[in-house]
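Working notes, beginning with the structure itself.
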Amino acid sequence: MINITLPDGGIKQFEAPVSGLEIANAISPRLAKEVLSITVNGEVLDLTRKIDSDATIKLNKWDDQEGKHAFWHSSAHLLAEAIEALYPDTKFGIGPTIENGFYYDVDLPAGKVITENDLEIIEKKMLELARQKNDIVREVVSKAEALKRFTEKNDPYKLELISELEDGTITLYHQGNFTDLCRGPHLPNTEHIKAIKLLSVAGAYWRGNEKNKMLTRVYGISFPKAKLLEEYLVLLEEAKKRDHRKIGKEMDLFTFSQAVGMGLPLWMPKGAQLREQLELFLKKVQKNFGYEQVITPHIGDVNLYKTSGHYEKYGKDSFQVIHTPQEGEEYLLKPMNCPHHCEIYKARPHSYKDLPIRYAEFGTVYRYEMSGELHGLTRVRGFTQDDAHIFCTHDQLKDEFKKVIDIIFIIFKALDFKNFTAQISLRDPKNTEKYIGSDENWEKAERAIIEASAEKGLITVTETGEAAFYGPKLDFMVKDAVGRSWQLGTIQVDYNLPERFELEYTGADNQKHRPVMIHRAPFGSMERFVAVLIEHTAGKFPLWLTPEQVVVMPISEKFNDYARKVSNILNISDIRTVVDDRNEKIGRKIRDNELKRIPYLLIVGEKEAESELVSVRRQGEGDQGTMSLNEFADFISNEVKQQLNSIYK
RNA sequence: GCUGAUGUAGCUCAGGGGUAGAGCACUUCCUUGGUAAGGAAGAGGUCAUGGGUUCAAUUCCCAUUAUCAGCUCCA
């Protein structure tokens, strides 16, 4: 007899060996039907694996990540089985699970392609195979045996994978006529897979290397119940409606023009208004934190970027140099603001008493992203960073770092970004020659970042070897509507540029010292930030950001003058208004869908015009009553203030 | 950059080898006088661009270009 400890601490005794499925059955037959995998002493295993000694277990169902994992992994095998049946002689790469679903990389026989239209056929085949209720059987094989089997199948990808595995650790999984090299775990039987949707098909390089052959990758998702699939598809549809490209078009925020060039966004009046509000907000915060605004040009002498080292690293792969009538004179569109700010720092001598110095600029930069990388506003070729560079002493580094984290917190709070990931990127200690700067400085900087993050209560993930070559960094990632992760805020410590630009300050000891530089951009870039903001809010911005807060609507053209007067008076109080001229021959009529995005509607007619009043309606909430202009101005300012005050708490 | 898909009115899309279609938006007129509206008429297109096949191409073929999905990349 062996003791099996359950998650609630209860212990059950079984005759060894016992399988997960048998344990589940002993608890309840219904559980046995729902359970998908088993965690035994922390290791996730097939339900059919025999346990032969005391163990702590957890039975994983659909709601458990481990359960979904096994489910989707088996679904990937089912996909491969279906493809093999429909396209004989296909060679198989890998077929893992992903956050939502699974994919399989396949190398189709010459001349065959899978297009979106074929997905439905493959889906049907998968369901047909699932209904055969085949057991999924695990087999342990020697390396020699594995190599032999896949040599027979003539599958170069699996052979490559096997050749890298250690003998004794190799397992195969069989279901029906299909066999795959796989570590598992899997479902006991394909019958659990009841609903399948193949989502897309795309190319993917074998092992992610662009020098390798491009395989066909089929993405899919599967569920134990049809209803769950329906719900997921609805969720996907909802996410698509929040796409910033769609909303940006609907709300007239920004556009792209082929005549201007790809990846070069054009901000329309309302988008510019939104962006301006964000900029004003950050400028105000930064002012409180002791930043000074600077302004630098969009181009710089090529030699500036040779000094900074950027030209050498990226010159060939970026926008090319700008020539002038003067022979030999060459300029570059600026790909970053740092060198310019270094030159500002350098323009005057500095005392340790002046530090830290914080130069901020909404600096527009140009980077030649590869054409396939461009994506709405999230990845563009010309964008504005909310950039700032802090020049400080080593001793001030940690404190400055913490202050930058504070700014990022303020912004994320202001816009209700709760689901962000903070990632600390450190250098690879085994490969220190890749990085510049002394070991001592690196250790100091890394410690400063780690401690500053910890002291700020930030939950971080740490990536070793992901640091920039000039210093460690802390990045803030936020997900868009469909779950793609984008880097927004970034804080980077830099030892490289102060060195290259020979930046100095005079210390208390009357000696020259080198300052440390912090690059930081809380939004990351205005473009990407606005994109993510749109997807988070689905275009319903907080009142303080809304491009148009109030629409004034006269009930007839007789009251147009009064409507315009109302608008002007409110504008003086910084309330962004627009007049609906629907009853006048000249002027702009506010479109219905436009109207629905404006929070307040002021109706003005005879009663209002006589005693300088407005009738207020709040979008979605109906009549708010009649009030004087001053009352309304206070009313709306209070709402804005409330929103902003809650940010600082 | 790679693989695949797509490009028809301002927007969302249908169509198809022989005068180019719808809904919404737009313009004008009418109605409506406390209203997040109603009716009628009108205007709007080198069917992404350039070649080819054809008596005839927006439609078929090729190339280019842009967009979309994914891969790769992201100072």
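Chain identifiers are assigned alphabetically (A, B, ...) following the order of the sequence lines, protein sequences preceding nucleic acid strands; residue numbering begins at 1 within each chain. Basis for what follows: all heavy atoms, side chains included, without hydrogens, waters or symmetry-related copies.
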What interatomic distance, in whole Å, is found between C1' of B/G21 and the corresponding atom of B/A9? 10 Å
Inter-nucleotide P distance (B/A48, B/C29), Å rounded: 35 Å
Round to a whole Å and report the spacing from NE2 of A/His340 to P of B/A75. 19 Å
Would you measure the distance from the P atom in B/G10 across to the matching atom in B/A25 and give it in whole Å? 16 Å
Pairing nucleotide - B/G70, Watson-Crick or G-U, each distance under 3.5 Å: B/C2
Taking the basic N atoms (NZ, or NE/NH1/NH2) and the acidic carboxylate oxygens, is any pair closer than 4.0 Å for A/Lys334 and A/Glu361? yes
Need the pair for B/A36. Rule: Watson-Crick or G-U wobble, both distances under 3.5 Å, any strand; none if unpaired. none
Euclidean distance, atom NE2 of residue A/His375 to atom P of B/G70 [Å, nearest integer]: 7 Å
Determine the contact category for A/Gly524: base if any of its heavy atoms lies under 4.0 Å from a base atom, sugar-phosphate if only primed atoms, P, OP1 or OP2 are that close, otherwise nothing. nothing
So what does A/Met262 hit on the nucleic acid, given a heavy-atom distance under 4.0 Å: a base, only sugar-phosphate, or nothing? sugar-phosphate
Mapping A/Ile598 and A/Met214 onto RNA chain B by nearest heavy atom, which one lands closer to the 5' end? A/Met214
Nearest nucleotide by nearest heavy atom, which residue falls closer to the 5' end of RNA chain B, A/Gln492 or A/Gly372? A/Gly372
Let's see if you can work this out: which of B/U72, B/A36, B/C74 has an atom nearest to the side-chain heavy atoms of A/Arg617? B/A36
note: A/Arg381, atom CZ; B/C74, atom C1'; distance rounded to Å ~ 13 Å
Would you mind classifying the nucleic acid contact of A/Tyr219 as base, sugar-phosphate or nothing, using non-hydrogen atoms under 4.0 angstrom? sugar-phosphate
Testing A/Phe362, A/Phe383, A/Phe417, A/Trp486 for ring pair (Phe, Tyr, Trp, His ring centres under 6.0 Å) with A/Phe529, which one passes? A/Phe417
A/Glu210 CD to B/C74 C1', in whole Å, measures 13 Å
State whether A/Phe319 and A/Arg367 meet the cation-pi test: NZ (Lys) or CZ (Arg) under 6.0 Å from the six-membered ring centroid, and within 45° of the perpendicular axis. no
My understanding is that a pair needs two contacts under 3.5 Å, Watson-Crick or G-U wobble. By that rule, which nucleotide pairs with B/U27? B/A41
B/U65 versus B/G51 - spacing of their C1' atoms, nearest Å: 14 Å
Salt bridge between A/Lys241 and A/Asp243, side-chain N to carboxylate O under 4.0 Å? no
Taking only the C1' atom of each, what is the distance from B/A22 to B/U8 in whole angstrom? 12 Å
Applying the Watson-Crick and G-U wobble criteria at under 3.5 Å, what pairs with B/C60? Answer none if nothing qualifies. B/G52
Starting from P on B/A36, measure out to CD1 on A/Ile603 and report it in whole angstrom. 7 Å
For B/A69, does either OP1 or OP2 sit under 4.0 Å from a side-chain N or O belonging to A/Arg484? yes
Ion pair present between A/Arg358 and A/Glu400, side-chain N to carboxylate O less than 4.0 angstrom? yes
Using atom P of each nucleotide, how far apart are B/U49 and B/U59 to the nearest Å? 10 Å
Would you indicate what A/Gln619 reaches in the nucleic acid, counting non-hydrogen atoms under 4.0 angstrom: base, sugar-phosphate, or nothing? base
Between B/C55 and B/A14 - P atom distance, rounded Å: 33 Å
Considering Watson-Crick and G-U wobble pairs with both distances under 3.5 Å, what does B/U65 pair with? B/G7
Taking the same atom, C1', in B/C11 and in B/G50, what whole-Å distance lies between them? 28 Å
For B/U19, does the O4'-C1'-N9-C4 or O4'-C1'-N1-C2 angle fall within 90° of 0, making it syn, or is it anti? syn
Report which part of the nucleic acid A/Ser308 touches: base, sugar-phosphate, or nothing (heavy-atom distance under 4.0 Å, all strands). nothing
Between the protein and nucleotides 4-13 of chain B, are there any N/O to N/O pairs under 3.5 Å, and if so, what are the atom names and distances?
{"residue": "B/U12", "atom": "OP1", "partner": "A/Lys249", "partner atom": "NZ", "Å": "3.2"}

Quick check: any donor-acceptor pair below 3.5 Å linking the side-chain of A/Tyr205 to the base of B/G70? no
For the pair A/Asp623 (side chain) and A/Gly625 (backbone), establish whether a donor and an acceptor sit closer than 3.5 Å, ignoring hydrogens and angles. no
Can A/His73 and A/Thr97 be counted as having a side-chain donor-acceptor contact under 3.5 angstrom? no
How many whole angstroms separate atom CG of A/Asp252 from atom P of B/A25? 14 Å
Side-chain (A/Arg528) to main-chain (A/Gln487) donor-acceptor, under 3.5 angstrom: yes
Give a yes-or-no answer on whether the side chains of A/Asp301 and A/Asn303 include a donor-acceptor pair shorter than 3.5 Å. yes
Is there a Watson-Crick or G-U wobble partner for B/A22 with both distances under 3.5 Å, and if so, which one is it? B/U12
With both distances kept under 3.5 Å, what pairs with B/C47, Watson-Crick or G-U wobble? none
Got a donor-acceptor pair under 3.5 Å from the side chain of A/Arg245 to the base of B/C68? no
Find the distance A/Leu602:CG to B/A36:C1' and express it as a whole number of Å. 13 Å
B/C2 P sits how many Å from A/Leu374 CG, rounded? 14 Å
Could you tell me whether A/Arg484 and A/Glu535 make a salt bridge, using a distance below 4.0 angstrom between a side-chain N and a carboxylate O? no
Testing B/C74, B/A69, B/A75 for proximity to the side chain of A/Met336, the answer is B/A75
Give one of base, sugar-phosphate or nothing for A/Tyr103, where a contact means two heavy atoms less than 4.0 Å apart. nothing
Measuring from the side chain of A/Tyr470 (C-beta onward, heavy atoms only), which nucleotide among B/C73, B/C71, B/A75 has the closest atom? B/A75
So, A/Lys306 and A/Glu312, do they make that salt bridge, N to O below 4.0 Å? no
